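Below: the structure, in structure tokens.
Along the sequence shown, residues are numbered consecutively beginning with 1. Both backbone and side-chain heavy atoms feed into the values below; hydrogens, waters and symmetry mates do not. No experiment lies behind these values; they were computed from the predicted model shown.
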Amino acid sequence: MLFDYATLKLIWWLFVGVLLIGFAIMDGHDMGVGTLLPFVGRTDTERRVAINSVAAHWEGNQAWFISAGGSLFAAWPMVYATAFSGFYWALMAVLWALFLRPVGFKYRSMLANPKWRNAWDWALFVGSVVPALVFGVAFGNLFSGAPFEFNSYLVSTYSGSFWALLNPFALLCGLVSVAMLTVQGGCYLALRTVGAVQMRTVRYTTWAAIAMVVLFVLGGFWVSQLTGYRVTSTIDPNALPNPLAKTVVQETGAWLTNYRNYPIAWVLPVLGTFMPLVAVGLMRKGHNLAAMVASSLAIVGVISTAAVALFPFVLPSSKDPRSSLTLWDCVSSQFTLMVMVYVVVIMLPIIIGYTTWAYRVLSGKITPAHIQQNDHGLY
């Protein structure tokens with residue numbers, strides 16, 4: 001083996017984080033544009049400008065979503081099994097909302113009827129906002145723990161409900177997620193458009209950035225007051241997975257332990273706090289590509305802030321803290337992790353390469369004149 005078991009466990013914690021961040025950056029700007037769609041487009045042509053700014057790429061960006069889900073299944077099977085059974089209805093809500101995206105893109109322009117097109121515009125809005133909200137709610141519930149436990153045979157039992165997931169802190173995290181992806185989508189839309197659509201995009205993105213910063217800071221203060229989790233027993237990073245082999249205690253403020261032990265980690269929440277404002281400032285000066293980079297760094301900051309706070313926990317348990325899953329005890333075998341490293345090393349550059357090529361080839365501004373000249377060839 002090229003890496004020992006402990007190193008592979010840590011590598012896969014990083015890989016899953018990178019894939020989730022990649023999904024938020026790439027598919028996130030699609031969802032952000034969908035969220036802004038009813039507000040930045042006052043006419044059918046203006047809404048088609050917004051839609052066609054992402055229409056050529058949104059299906060390719062789903063590769064990040066699929067890669068993240070597949071990696072979760074392969075690297076962290078216990079997390080996949082527990083989360084997908086416990087959060088079943090939440091994930092079904094995401095799936096149902098995502099159904100609206102492909103049909104919205106494909107069907108919207110098939111009829112010229114204004115009511116038909118307006119209905120599909122709102123369908124695209126729902127298909128963008130609901131997944132962003134639920135993803136944030138899911139992250140929020142990690143900090144309070146999910147109500148599951150393992151028996152002596154390591155069979156998990158989940159005792160929660162869908163409505164219990166919609167607690168105040170989780171909903172706050174959901175709003176942070178919606179605002180974050182709206183900013184990402186706004187930066188991309190400003191890069192691809194001109195005129196009235198671009199002006200409205202900058203205005204609404206500014207409000208989204210302000211909301212994101214306020215909610216993110218409020219969430220950080222809230223986390224400092226939450227009861228967190230801490231492993232008190234000795235961890236053997238090379239041991240075979242067994243969640244019940246550790247001892248876990250709950251303490252107020254425990255989620256800030258890593259930030260107290262490693263002050264350099266405060267760089268991450270600083271990125272999440274200031275980069276949205278930097279992105280808006282750059283947009284207002286016409287530096288839209290730089291704004292997109294700043295917004296992407298904000299996403300890195302927000303998601304990494306949560307990951308570092310939770311480390312080494314991946315899925316804490318509110319019913320039995322000892323059953324909480326960490327990156328050390330929820331993983332696949334050493335051989336599986338090593339094979340998956342080879343897969344990622346080969347496939348990730350390919351995904352990045354063809355994505356970069358596609359965006360470069362299909363770059364440029366989408367204008368109302370372009371829409372009218374290609375009326376039958378565009379969405």
Side-chain angles (χ1 to χ4, degrees), residues 26-62 97-132 178-179 181-209 279-280 282-289 291-292 295 355 358-379:
M26 300 305 300
D27 212 25
H29 73 253
D30 295 345
M31 294 182 183
V33 171
T35 302
L36 290 167
L37 177 61
F39 309 104
V40 301
R42 302 289 173 80
T43 66
D44 178 65
T45 298
E46 289 179 345
R47 287 191 290 273
R48 291 184 72 186
V49 166
I51 290 171
N52 282 280
S53 70
V54 297
H57 303 292
W58 75 271
E59 288 179 293
N61 291 338
Q62 298 294 307
L98 288 175
F99 285 160
L100 297 174
R101 286 161 59 80
V103 293
F105 281 113
K106 301 294 184 182
Y107 290 170
R108 184 197 183 277
S109 295
M110 287 188 173
L111 295 178
N113 186 292
K115 291 183 178 179
W116 169 271
R117 292 188 172 186
N118 187 60
W120 285 115
D121 289 340
W122 284 105
L124 287 170
F125 172 80
V126 172
S128 300
V129 172
V130 170
V178 172
L181 299 190
T182 301
V183 173
Q184 183 74 353
C187 290
Y188 179 78
L189 192 56
L191 177 66
R192 297 296 309 277
T193 59
V194 296
V197 174
Q198 188 185 62
M199 291 175 60
R200 294 190 200 107
T201 297
V202 172
R203 182 166 70 249
Y204 285 111
T205 304
T206 300
W207 286 109
V280 167
L282 291 168
M283 284 177 65
R284 290 182 169 275
K285 293 182 179 180
H287 304 305
N288 296 311
L289 182 58
M292 187 77 180
S295 177
T355 300
Y359 274 87
R360 183 174 181 178
V361 170
L362 298 172
S363 62
K365 299 288 187 179
I366 304 293
T367 66
H370 176 73
I371 297 295
Q372 292 168 358
Q373 292 169 5
N374 300 273
D375 183 60
H376 298 291
L378 297 172
Y379 292 120

Looking only at heavy atoms, which two atoms of [X] and [Y] are closest? And how far apart?
X	Y	answer
Ala208	Thr182	CB-CG2, 3.7 Å
Gly127	Leu98	O-CD2, 4.2 Å
Ala56	Leu362	CB-CD1, 3.6 Å
Leu111	Arg117	O-NE, 2.7 Å
Thr201	Gly186	CG2-O, 3.2 Å

**Item:** Plane angle bin for Phe105 and Trp58 - parallel if under 30°, tilted between 30 and 60°, otherwise perpendicular
**Value:** parallel
**Prompt:** Once the angle between the rings of Phe39 and Tyr204 is folded into 0 to 90°, is it parallel (under 30°), tilted (30 to 60°) or perpendicular (over 60°)?
**Reply:**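 Tilted.
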**Asked** Would Phe125 and Trp122 count as a close aromatic pair, with their ring centres under 6.0 Å?
**Response** yes
Can you measure from [atom1] ([X]) to [atom2] ([Y]) and round to the nearest 0.5 angstrom?
X	Y	atom1	atom2	answer
Met26	Thr355	CE	OG1	5.5 Å
Leu124	Leu37	CG	CG	6.0 Å
Arg203	Leu36	CZ	CG	11.5 Å
Met199	Thr193	CE	OG1	11.5 Å
Met283	Gln198	CE	CD	7.5 Å
Lys365	Ser53	NZ	OG	11.0 Å

**Item:** Side chain Trp116, main chain Tyr107, donor-acceptor under 3.5 Å
**Value:**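 Confirmed, Trp116 side chain pairs with Tyr107 backbone.
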**Request:** Give a yes or no on whether the backbone of Met292 and the side-chain of Ser295 come within a donor-acceptor separation of less than 3.5 Å.
**Result:** no
So do the side chains of [X] and [Y] get within less than 4.5 Å of each other, counting heavy atoms only?
X	Y	answer
Thr206	Arg284	yes
Arg47	Ile371	no
Leu181	His29	no
Trp120	Met110	no
Gln62	Asp27	yes

**Asked** Checking side-chain contact (heavy atoms from CB on, under 4.5 Å) against Leu189, which of Val202, Val49, Val33, Val54 comes through?
**Response** Val33
**Any residue meeting side-chain contact (heavy atoms from CB on, under 4.5 Å) with Ser128, in chain and number order, not counting sequence neighbours** =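 Testing Ser128 for side-chain contact (heavy atoms from CB on, under 4.5 Å), a comparison that skips the adjacent residues, returns Met31, Thr35, Arg101.
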**Prompt:** Taking only residues two or more places apart in sequence or in another chain, which ones pass side-chain contact (heavy atoms from CB on, under 4.5 Å) with His370?
**Reply:**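 By the side-chain contact (heavy atoms from CB on, under 4.5 Å) rule, His370 matches Ile366, Thr367, Asn374, Leu378.
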**Asked** Would you find more than 12 non-hydrogen atoms of other residues, nucleotides or ligands less than 6.0 Å from Trp207 atom CH2?
**Response** no
**Request:** If a pair satisfies salt bridge (charged side-chain N to carboxylate O under 4.0 Å, His left out) and one of its residues is in residues 184-200, list it, with sequence neighbours excluded.
**Result:**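 Sorted pair list: Glu46-Arg200.
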**Prompt:** Can you check side-chain contact (heavy atoms from CB on, under 4.5 Å) on Asp44 and Arg108, steps first, answer last?
**Reply:** CA-CA 11 Å; Asp44 178 65; Arg108 184 197 183 277; 2.7 Å; yes
